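Below: the structure, in structure tokens.
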Amino acid sequence: MSDIVLTFPDGATRAVPAGMTGLEVARSIAPSLAKRTVAMIVDGVLQDAADALTRNATIRFVSRTDPEALELIRHDCAHVLAEAVQDLWPGTQVTIGPVIENGFYYDFAKAEPFHPDDLPKIEKRMREIIAKNAPFTKEVWTRDKAKAHFAAAGETFKVELVDAIPAGEDLKIYRQGDWLDLCRGPHMTSTGQIGNAFKLQRFSGSYWRGNAEGPQLQRLYGTAFATDKELADHLRMLEEAEKRDHRKLGREMDLFHFQEDAPGTVFWHPNGWQMFQGLIAYMRRRQVAEGYVEVNSPQLMDRSLWETSGHWETYHANMFVTETEDERVFALKPMNCPGHVQIYKHGLKSYRDLPMKIAEFGCVHRYEPSGALHGLMRVRAFTQDDAHIFCSEEQIAEQCLDINRFMLSIYEDFGFHDVHIKLATRPEKRVGDDSLWDKAEAAMRDVLDRMASDNRVTKTSIAEGEGAFYGPKFEYHLRDAIGRTWQCGTTQVDFNLPARFGAFYVDSDGEKKTPVMIHRAMFGSLERFTGIFLENTAGHLPLWIAPVQAVVATIVSDADDYAREAAVLLRKAGLRVETDLRNEKINYKVREHSLSKTPVLLVVGKREAEERKVSVRRLGSDRNTVMTLDEAIAALRAEAVPPDLASE
RNA sequence: GCCGCAAUAGCUCAGCCGGUAGAGCAUCGCAUUCGUAAUGCGGGGGUCGGGGGUUCGAGUCCCUCUUGCGGCACCA
């Protein structure tokens with residue numbers, strides 16, 4: 001057999017007989033290299049170390065501590081998990097077990113549900129399997145053989161998976177000891193390389209192929225790392241993330257609560273409402289600067305209006321509907337758009353009026369599935385910083401880009417730099433001709449390309465079939481503290497609603513034309529944004545948005561009068577300040593205000609009272625700085641200016 | 001909505017094999033005037049999420065509803 005030439009990362013080359021496996025090559029270089037090799041990268045593609053090399057290529061051997069090995073460790077771990085589960089519960093069917101962002105999962109079809117006590121049992125069995133260190137071996141099977149094998153084994157889901165593999169593609173089977181699975185690979189060379197730095201985390205229900213109408217499976221989630229330390233670090237990070245859960249912070253900071261009588265609906269406390277209103281005030285200033293006008297549309301509107309808009313037909317399951325004594329049917333608005341079209345329609349519009357930018361802090365109600373509710377992140381009543389831009393077709397791209405610039409600058413003001421924009425295209429359930437969708441999507445694909453070149457956008461992608469029923473949309477996803485991403489802003493290009501309502505403008509040629517409507521929200525939901533912002537800051541809010549900006553706390557009651565006077569002066573300077581004159585030790589007060597995340601603690605004792613000074617202690621610091629009251633007021637006032645009002 | 005788990009004082013939680021409810025913090029009262037993350041002592045506080053059932057007897061066992069939690073599906 002002829003030789004092939006392999007090029008190594010250091011530039012060295014080596015001629016080897018074609019057909020030699022990666023492991024053989026490694027062994028020929030050094031036995032120690034072969035020993036630590038778990039996979040290889042050939043011409044940039046990660047593959048099994050046992051694969052034969054058949055052509056000239058660049059090659060790099062991967063050891064288990066290389067970054068590229070992490071997904072192999074997790075994927076191998078998923079296989080071992082599947083074997084362990086089938087060992088412990090014979091008759092359980094395996095389905096799929098992919099690697100995900102921070103670990104892996106495996107979906108099983110099992111008659112009896114898992115129990116929390118099962119996790120340690122499964123882990124124990126997994127460690128036994130890993131200890132056996134069985135080699136992973138790959139075989140390529142024919143479709144018939146695979147189907148016959150899985151059918152005989154009662155693995156009906158695997159049979160379906162075999163059927164779904166395209167005809168031209170190899171059908172690969174990986175064995176580890178006596179166990180085997182249909183798998184795309186690659187894998188490491190043996191189960192022992194997984195190591196012991198793995199953990200099963202939780203289990204839950206899931207749906208076969210993500211279809212809620214289909215069979216329900218049981219999913220086990222786990223994670224794995226190359227070393228114990230990395231695993232411990234990851235678990236510690238998760239614990240930290242839990243501490244900044246906005247539901248916990250909401251209680252600690254006395255911002256809001258939920259109760260059984262109003263599922264998915266927020267009771268805002270004074271502190272939370274102050275923050276909420278601060279966000280609205282900020283957005284209102286910014287929108288005015290961008291040429292928006294603000295309106296308010298009815299909360300409850302007649303059924304016929306929702307029929308015209310298409311909501312009655314396509315959104316009914318999400319709507320709160322009510323019937324009055326006169327037997328009229330009204331619905332609480334789930335969106336503001338139909339109301340805004342009515343405002344647009346009131347009075348004749350000229351092309352000179354476009355683009356017309358109508359904004360509303362509209363409170364919408366949506367009957368969300370019970371299982372979807374999640375603190376402030378997913379509620380049934382929420383306030384949108386909603387706006388609709390009525391414009392001509394020619395103005396679409398310009399308006400979308402304008403919104404994009406505006407949107408990103410807002411996220412930056414709140415410290416969000418990880419922004420992922422998705423273009424969601426036409427869904428199955430939709431209104432309007434496909435020709436209109438073609439037009440809207442084409443315009444938006446073009447805009448997406450231009451957004452992608454903006455260096456503030458971390459990532460762009462296409463989400464096929466995920467658009468709103470009336471038009472495609474851009475979704476702005478922000479990453480939260482726990483690593484989950486949340487959709488905040490959206491921009492939706494809508495050719496449908498204006499036409500359905502008969503909205504028009506008189507163009508320069510005197511003809512009536514239908515305007516395009518661009519729906520856009522930036523915070524998206526004020527509730528959700530509050531939650532995301534809380535988690536992102538761990539409750540350490542910037543001074544401008546903190547509900548209580550400073551507390552004046554006394555050490556002795558002799559300082560009470562001075563503390564009261566200081567608070568009055570601070571309030572006169574526009575700061576939100578409270579006093580704490582309780583007969584408690586200063587340690588106690590410091591602890592309490594630290595736990596409730598008050599940004600600034602102004603401590604006054606006898607000395608400060610006599611010298612008209614304050615001892616300033618910042619949240620998160622154990623140091624304090626003594627300064628005059630006037631200095632403190634000036635410094636806090638300067639710091640409390642919202643980002644949009646701060647002079648550069 | 002689906003699968004699993006849970007709900008005990010304002011908060012965090014204990015309560016065994018069914019025998020009639022407990023701690024810490026918070027609250028209230030009294031004492032204490034204190035220098036940067038919990039001062040001491042004392043008092044009050046519970047339809048054990050709702051309803052039904054089993055039982056001589058249910059916080060505990062069973063059914064059901066509600067809500068929450070972890071995912072799935074859905075979504076701002």
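Worth saying up front: this structure is predicted, and the values here are computed from it rather than measured. A, B, ... follow the sequence lines: proteins, then strands. Residue 1 opens every chain. Basis for what follows: all heavy atoms, side chains included, without hydrogens, waters or symmetry-related copies.
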| task | State whether A/K606 places a side-chain N or O below 4.0 Å from either non-bridging phosphate oxygen (OP1 or OP2) of B/U33. | result | no
| said: In whole Å, I'd like the distance from the CG atom of A/N211 to the P atom of B/A73. | reply: 10 Å
| message | Between the base of B/C72 and the side chain of A/R219, is one N or O donor paired with an acceptor at under 3.5 angstrom? | response | no
| said: Under a 3.5 Å cut-off for both contacts, is B/C72 paired Watson-Crick or G-U wobble with anything, and if yes, with which nucleotide? | reply: B/G1
| query | Is the closest side-chain donor-acceptor distance between A/D107 and A/S206 under 3.5 Å? | reply | yes
| message | Please report the distance, rounded to the nearest Å, between CZ in A/F469 and P in B/C75. | response | 12 Å
| message | Does the structure show a Watson-Crick or G-U wobble partner for B/U33, both distances under 3.5 Å? Name it, or say none. | response | none
| task | Using atom CD of A/E360 as one end and atom P of B/A76 as the other, report the distance to the nearest whole Å. | result | 18 Å
| query | With respect to the phosphate group of B/A37, does any side-chain polar atom (N or O) of A/N587 fall under 4.0 Å of OP1 or OP2? | reply | yes
| message | With a 4.0 Å cut-off on N to O distance, would you call A/R607 and A/E610 a salt bridge? | response | no
| task | Please figure out whether A/R607 or A/L217 has its closest RNA chain B nucleotide nearer the 5' end. | result | A/L217
| said: Please confirm whether the shortest side-chain N or O distance from A/Q218 to OP1 or OP2 of B/C3 is below 4.0 Å. | reply: no
| message | With a 4.0 Å limit, can you tell me whether A/S615 has a side-chain N or O closer than that to the phosphate oxygens OP1/OP2 of B/U36? | response | no
| said: Say we look at B/A58 and B/G1: how far apart would their P atoms be, to the nearest angstrom? | reply: 32 Å
| Can a donor-acceptor pair under 3.5 Å be found between the side-chain atoms of A/E368 and the base atoms of B/G1? | no
| said: In whole Å, measure the gap between the C1' atoms of B/G59 and B/G19 for me. | reply: 13 Å
| field | A/R366 to A/F382 six-membered ring, cation-pi geometry met (6.0 Å, 45°) | value | no
| query | If you take atom types as modelled and just measure distance, does the side chain of A/R209 reach the base of B/A73 with a donor-acceptor pair under 3.5 Å? | reply | no
| request: Sticking with atom P, work out how far B/G24 lies from B/C61, rounded to a whole angstrom. | output: 27 Å
Write down the protein N/O and nucleotide N/O pairs, taken from nucleotides 11-17 of chain B, whose separation is under 3.5 Å; answer none if there are no such pairs.
| unit_1 | atom_1 | unit_2 | atom_2 | d |
| --- | --- | --- | --- | --- |
| B/U12 | OP1 | A/R251 | NH2 | 3.3 |

| request: Take atom P in B/U12 and the same atom in B/C69, then report the distance between them in whole Å. | output: 13 Å
| request: Report the distance from atom CG of A/D245 to atom P of B/G70, rounded to the nearest whole Å. | output: 7 Å
| task | Please test A/R286 against A/I410 for side-chain contact (heavy atoms from CB on, under 4.5 Å), starting from the C-alpha separation and ending with a verdict. | result | CA-CA 9 Å; A/R286 298 230 37 189; A/I410 278 166; 3.8 Å; yes
| Within the stacking criterion (centroid distance below 5.5 Å, interplanar angle below 30°), does A/F203 stack on B/G71? | no
| With a cut-off of under 6.0 Å to the ring centre and 45° to the axis, is A/K429 in cation-pi contact with A/F469? | no
| task | Would you indicate, yes or no, if B/C72 has its OP1 or OP2 atom less than 4.0 angstrom from a side-chain nitrogen or oxygen of A/Y105? | result | no
| task | Considering only atom C1', compute the distance from B/C25 to B/U39 and round it to an integer number of Å. | result | 15 Å
| query | With the threshold set at 4.0 Å, does a side-chain nitrogen-carboxylate oxygen contact exist between A/K243 and A/E239? | reply | no
| If the P atom of B/A73 is compared with that of B/C62, how far apart are they to the nearest Å? | 32 Å
| task | Considering just the side-chain nitrogens and oxygens of A/R617, establish if one lies under 4.0 Å of OP1 or OP2 belonging to B/A37. | result | yes
| request: Just call it for A/E252: base, sugar-phosphate, or nothing, with non-hydrogen atoms closer than 4.0 Å on any strand. | output: nothing
| Could A/R74 and A/F104 be counted as a cation-pi pair, given that NZ or CZ must be under 6.0 Å from the ring centre and within 45° of the axis? | no
| query | Taking the P atom of each, how far is B/A7 from B/C75, in whole Å? | reply | 33 Å
| remark: Taken to the nearest whole Å, CG/A/N336 to C1'/B/A76 is 12 Å
| How long is the line joining NE2 of A/H115 and C1' of B/C5, in whole Å? | 9 Å
| request: Give a yes or no on whether a salt bridge exists between A/R591 and A/E584, defined as a side-chain N under 4.0 angstrom from a carboxylate O. | output: no
| request: May I ask you to evaluate whether A/H374 reaches the phosphate of B/G70, defined as a side-chain N or O under 4.0 Å from OP1 or OP2? | output: yes
| request: Show your working on side-chain contact (heavy atoms from CB on, under 4.5 Å) between A/Y476 and A/N404 and close with a plain yes or no. | output: CA-CA 9 Å; A/Y476 288 73; A/N404 184 59; 2.6 Å; yes
| remark: Taken to the nearest whole Å, OH/A/Y588 to P/B/U33 is 19 Å
| message | At 4.0 Å (heavy atoms only), tell me whether A/V364 reaches a base, stays on the sugar-phosphate, or touches nothing. | response | nothing
| request: In whole angstrom, give the distance that lies between atom CZ of A/R366 and atom P of B/A76. | output: 6 Å
| query | Which base sits across from B/C28 as a Watson-Crick or G-U pair, both distances under 3.5 Å? | reply | B/G42
| query | Would you say the base of B/G1 and the side-chain of A/Y207 have a donor-acceptor pair closer than 3.5 Å? | reply | yes
| Near A/K110 NZ, under 6.0 Å, is it more than 12 heavy atoms from other residues, nucleotides or ligands? | yes
| said: If you only use heavy atoms from C-beta on, which nucleotide in B/C74, B/C34, B/U33 is closest to the side chain of A/K585? | reply: B/C34
| said: Quick check on RNA chain B: between A/V626 and A/G264, whose nearest nucleotide comes earlier from the 5' end? | reply: A/V626
| query | Given the C1' atoms of B/G71 and B/U54, what is the spacing between them in whole Å? | reply | 35 Å
| query | With both distances under 3.5 angstrom, what nucleotide forms a Watson-Crick or G-U wobble pair with B/A23? | reply | B/U12
| field | Side-chain N or O of A/R378 closer than 4.0 Å to phosphate OP1/OP2 of B/C69 | value | no
